[in-house]
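Structure, as structure tokens:
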Amino acid sequence: MNKNIRDLTVIVIIAFAIWAGFTYISTTTEKQDLVSLEQEEDIADFFNRQIFREYDSLDVGLTDSVMNIVFSRLTDPMDSLRYDYNIYVLKSDQVNAFTAFNGQLFVFTGLIDQTETPEELAAVLAHELAHAEKRHVIKNLVKEIGLNSLILIISGGDPVIMQEITKLVVSSGFSRSMEKEADEYAIQYLKDAKINPNRLTQFFLKLKQKNREIPESLEWISSHPALKERIEFVSENVGDSIEEIPIAVDWEAFKGSLK
Amino acid sequence: MTTENFHTIPQPDEMDIREKEDAMGAYLMMFAALGAGLPLPILNLIAAIVYYYINKGKSLFVRFHSLQSLLSQLPTSILNAVAVFWGARIVFFDYAFTDVFKGYLWLVGIANLIYIIFSIIGAVKARKGEMYYFLFFGRVSYQSVFKKEETDAKKTVNQPPKM
């Protein structure tokens, strides 16, 4: 009878070892699969050129300083940042914001126009910042087109394929788990920055109410699925209410300067 | 545990072809049922138990192989069932295809592979009229099937009165 118990124990231990071993392998291979930061810089160069070919960027002094005030409010409490972030404002009516490579964040004037306070923009940026910190863009691309093709494209820089990649990045079609993770971290960033995390859902809801039919220009909303579910997720995870410290920026004047 | 408490093991030349085929069938049937029962792994467990009870009375040899096949598919069925429900949970509720789940899928794959290989070997051996013991399940099945009933060992022997 003792032999039976011994054999059963051996089987159970082997099974757990296989499980743990393959879990470990899956975890480490995912990390290895990723493109290195240097490679990402190269992709960012190609990508930025492509973006600036398609959109006009606003590079006036005021825009720059206001965006930096809002963004540094988020990043100041953070211990370390993965990238040296750059925020570009693109002139377009699209209500959209997206994360590209190597810490390049893009916001369309259309989205800024829809915000009523700088805190709302901070909430959108917190979400994009989380995508960047978690390297979702690269992970997504590796998933969509494979690591080998991605490296091939970087080295070749084929303009047609770069255009396709650009489309993919601008439409920010992340998986649900990535969106959830980005929301999760955005809540944390906003809390640390003393901004009410509910700003994120407020902005969602407001946009949804304003544009009941969701026109195509509302990229940022339409690319983010299951809105109701996410609002619920954010409100459930907001936790204790925090006292918001407003961002001292003349928002209306700033919005006016974009036109 | 001595061999005296156990029935003698039948030898290949003592069995007819029907008996050998029934023993082989235990592995093949349950092995086929595992595939058919994949969407709901509990179904093939029911099929396996039914097969075991049908063949239970035939002979110790058939009964041993049926029981070994039934017992050895238990862990695989449980692993598969968990994989199906866990997978469904991921698809319908939390959407996160985690590394822990990936590792688990590997475990399920390996367990199924080992089960299939051993079932095939078991089926071939059974067809030849040989006993074949899986790790753990072989011994448990042998002990359960070949052990003599307690009443056989404690046969009443009438004694004269003490004088």
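The model shown is predicted, which means the values in this text are computed figures rather than measured ones. Quick note on labels: first sequence line is chain A, next is B, and so on, each numbered from 1. All values below come from the heavy atoms of this structure, side chains included, with hydrogens, waters and symmetry mates left out.
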Exercise. How about Phe22(A) and Leu107(B): do any of their side-chain heavy atoms sit closer than 4.5 Å?
Worked result: no
For this session: Might you work through the side chain to side chain contact (heavy atoms under 4.5 Å, CB included) test for Lys102(B) and Thr23(A), ending with a clear yes or no?
Result: CA-CA 6 Å; Lys102(B) 273 185 224 163; Thr23(A) 302; over 6 Å; no
Problem set entry | Minimum heavy-atom distance between Ile18(A) and Ile110(B), given as atom pair plus value | CG2-CD1, 3.6 Å
Exercise. Is it the case that more than 12 heavy atoms not belonging to Arg82(A) sit under 6.0 Å from its CZ atom?
Worked result: yes
Problem set entry | Asp13(B), CG atom: more than 12 neighbouring heavy atoms under 6.0 Å | yes
Exercise. Can you tell me how far the CZ atom of Arg6(A) sits from the CZ atom of Arg139(B), to the nearest 0.5 Å?
Worked result: 6.0 Å
Problem set entry | Qualifying residue for side-chain contact (heavy atoms from CB on, under 4.5 Å) with Val140(B), from Asp7(A), Leu8(A), Asn4(A) | Asn4(A)
Exercise. Take atom CG in Asp84(A); do more than 12 heavy atoms of anything else shown fall under 6.0 Å from it?
Worked result: no
For this session: Would you indicate whether Lys194(A), at its atom NZ, is surrounded by more than 12 heavy atoms from other residues, nucleotides or ligands within a distance under 6.0 Å?
Result: no
Exercise. When you measure from the side chain of Trp19(A) to the backbone N and O of Trp106(B), does any donor-acceptor pair fall under 3.5 Å?
Worked result: no
Exercise. More than 12 non-hydrogen atoms from neighbouring residues, nucleotides or ligands closer than 6.0 Å to OH on Tyr185(A), yes or no?
Worked result: no
